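Report on one structure; see the data block that follows.
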Amino acid sequence: MKELIEKADILIEALPYMREFSNKTVVIKYGGNAMVNKDLMASVLEDVTLLKYVGVNPVIVHGGGPVISNNLEQYELETDFHKGFRITSQEVMQVVEKALIGEVNTNLVSLANSLGIKAVGLSGKDNQMILAQKCEMDCEVELGYVGEVDEVDPTLLNSMIDSNYVPIVAPVGTDKEGNSYNINADLVAGEIAAALEAEKLMLLTNTEGILEDPEDKSTLISRLKIAEAKQKIEDEIIVGGMIPKVNACITALEKDVNRTHILDGRLDHSILLEIFTDKGIGTMITK
Ligand SMILES: Nc1ncnc2c1ncn2[C@@H]1O[C@H](COP(=O)(O)OP(=O)(O)O)[C@@H](O)[C@H]1O
Ligand SMILES: CC(=O)N[C@@H](CCC(=O)OP(=O)(O)O)C(=O)O
């Protein structure tokens, strides 16, 4: 009986959060390094199903870096990164599109549909939803078809949300001429959260959150303000793949998304633990 009452307590703890998030949009970025197996993907999508049933509007943006790297290896094409971005020649871009849109996106959509979510897959090219421009972050290195988001048109996503679908977005953008661009998925998630005026942005990854010492999980930082996060990038405590995540949170916060979180996507039901428990998990970045 005690166990049953504890289960009821968990539901009661979740109740105020269910009320708070009902009819609100939550953007979830699911990253390649936390997508390591089908069970984990199913656990993430189960959380998304529950969100949908309690009236939250989830939007998923996925990565797929490791899948792209595997496919490039099969084609014997080299992968080079510059400041966390994959240098993307025209040949590499073709593999990126096939991997992200033709493989990762369709697999996620199929799995989501099999779990009872009305999921629809799309990329930033659909209806020119994500207008991109060539990323000119560093003049010294030619990044090729690496893009940065110029503008997100939220019309298509909003009409899907209004019709009760869960959009699953691949991070490929386009320019007005129809050229495709490879965009870091964290940055896409931040811009989509901003365009949808989402309540929350959640970036799922393969660490507990932001760590003071990446080798030591006990050094998890639960809360960080924008200025503190920028300082940690400058001090090189936050490096590599964590930098675009922090930048995505900053973009979203500056464009009025209320809450942003970086959390462990390897942990079963991390989304529910973050949204529906008093303590939350991972790192929350705030204004
Ligand atoms: N301060 C930090 N705390 C935690 N992880 C960090 C930190 N700085 C850099 N990282 C690295 O960032 C990685 C997450 O980025 P990335 O591998 O690109 O994830 P994803 O595939 O989920 O997008 C972590 O695995 C870790 O190696
Ligand atoms: C420009 C750039 O680097 N794009 C990424 C897009 C996929 C991505 O961001 O995947 P993760 O979230 O799994 O890292 C890439 O080519 O790997």
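Small disclaimer: the values here were computed from a predicted structure and weren't measured. One-based numbering, in listed order, for ligands and for the atoms of each.
The 12-atom threshold is not exceeded at NZ of Lys217, counting heavy atoms of other residues, nucleotides or ligands nearer than 6.0 Å.
In terms of heavy atoms, Asn247 sits closest to Ile233 at OD1-CD1, 4.2 Å. Minimum heavy-atom separation, Ile221 to Leu211: CD1-C, 4.2 Å. The shortest non-hydrogen separation linking Leu45 to Thr49 is O-OG1, 2.7 Å.
Here the protein heavy atom with the shortest distance to atom 3 (N) of ligand 1 is Leu211 N, 2.9 Å. Of the protein's non-hydrogen atoms, the one nearest atom 13 (O) of ligand 2 is Gly32 N, 2.8 Å. Nearest protein neighbour of atom 18 (O) of ligand 1, counting heavy atoms only, is Gly241 CA, 3.4 Å. At the top of the distance list for atom 3 (O) of ligand 2, counting protein heavy atoms only, stands Arg86 N, 2.9 Å. Closest to atom 9 (C) of ligand 1, if we only count protein heavy atoms, is Val239 O, 2.9 Å. Closest to atom 16 (P) of ligand 1 among all protein heavy atoms lies Asn33 ND2, 3.9 Å. Distance from atom 4 (N) of ligand 2 to its nearest protein heavy atom, with residue and atom name: Asn182 OD1, 3.0 Å. In terms of protein heavy-atom proximity, atom 25 (O) of ligand 1 is closest to Asn206 OD1, 2.8 Å. Closest protein heavy atom to atom 26 (C) of ligand 1: Thr207 CG2, 3.9 Å.
Polar contact with ligand 1: absent for Ala34 (N/O pair, distance under 3.5 Å). Residue-to-ligand polar distances keep Asp186 apart from ligand 2: every N/O pair is separated by 3.5 Å or more. In terms of polar-atom proximity, defined here as any N/O pair under 3.5 Å, Ile237 does make such a contact with ligand 1. For ligand 2, the polar-atom distance check against Gly64 finds a nitrogen or oxygen pair separated by under 3.5 Å. By the 3.5 Å distance cut-off applied to N or O atoms, Ile68 is not counted among the residues near ligand 2.
When Asp186, Ile243, Thr205 are checked for heavy-atom proximity to atom 19 (O) of ligand 1, Thr205 turns out nearest. Of the candidates Lys29, Met242, Glu208, Met242 brings a heavy atom nearest to atom 11 (C) of ligand 1.
Of the N and O atoms on the side chains of Ser69 and Arg86, at least one donor lies less than 3.5 Å from an acceptor on the other residue. Between the side chains of Glu103 and Asn107, no donor N or O sits under 3.5 Å from an acceptor N or O. Looking only at atom types and distance, the side chain of Lys200 has a donor-acceptor partner in the side chain of His261 under 3.5 Å away. Inspection of the Ser43 and Asp268 side chains reveals an N or O donor paired with an N or O acceptor under 3.5 Å. A donor-acceptor contact closer than 3.5 angstrom links the side chains of Ser180 and Glu97.
When non-hydrogen atoms are compared, ligand 1 lies under 4.0 Å from the side chain of Lys245 (C-beta onward) but not from its backbone.
Between Lys98 and Glu91 there is no salt bridge, since no side-chain N of the basic residue sits under 4.0 Å from a carboxylate O of the acidic one. Electrostatic pairing of Lys255 and Glu197 does not count as a salt bridge here, judged by no charged N lying under 4.0 Å from a carboxylate O. With respect to the salt-bridge test (charged N to carboxylate O, under 4.0 angstrom), the residues Lys134 and Asp150 do not qualify. Salt bridge Glu228/Arg223: absent, no basic N to carboxylate O contact under 4.0 Å.
Residue Phe85 has at least one heavy-atom neighbour below 4.0 Å for each of these atoms of ligand 2: 3 (O). Proximity to Gly63 (heavy-atom distance under 4.0 Å) selects the following atoms of ligand 2: 8 (C), 10 (O), 11 (P), 12 (O), 13 (O). Heavy-atom contacts of Ala185 reach the following atoms of ligand 2: 8 (C), 9 (O), 12 (O) (cutoff under 4.0 Å). In the vicinity of Gly31, heavy-atom distances shorter than 4.0 Å reach the ligand 1 atoms 22 (O). For ligand 2, the atoms sitting less than 4.0 Å from at least one non-hydrogen atom of Lys29 are 11 (P), 12 (O), numbered in the order shown with element in parentheses. Distances below 4.0 Å separate heavy atoms of Ile183 from the following atoms of ligand 2: 4 (N), 6 (C). Per-residue contacts place Gly209 under 4.0 angstrom from the following atoms of ligand 1 (heavy atoms of the residue considered): 3 (N), 4 (C). Near Gly65, meaning under 4.0 Å from any of its heavy atoms, are these atoms of ligand 2: 10 (O), 11 (P), 13 (O), 17 (O).
Between the side chain of Ser270 and the backbone N or O of Asp264 there is at least one donor-acceptor pair closer than 3.5 Å.
Ligand 2 lies nowhere less than 4.0 angstrom from a heavy atom belonging to His62.
None of Leu201, Val257, Val169, Ile60 except one satisfies the side chain to side chain contact (heavy atoms under 4.5 Å, CB included) rule with Val27; the exception is Leu201.
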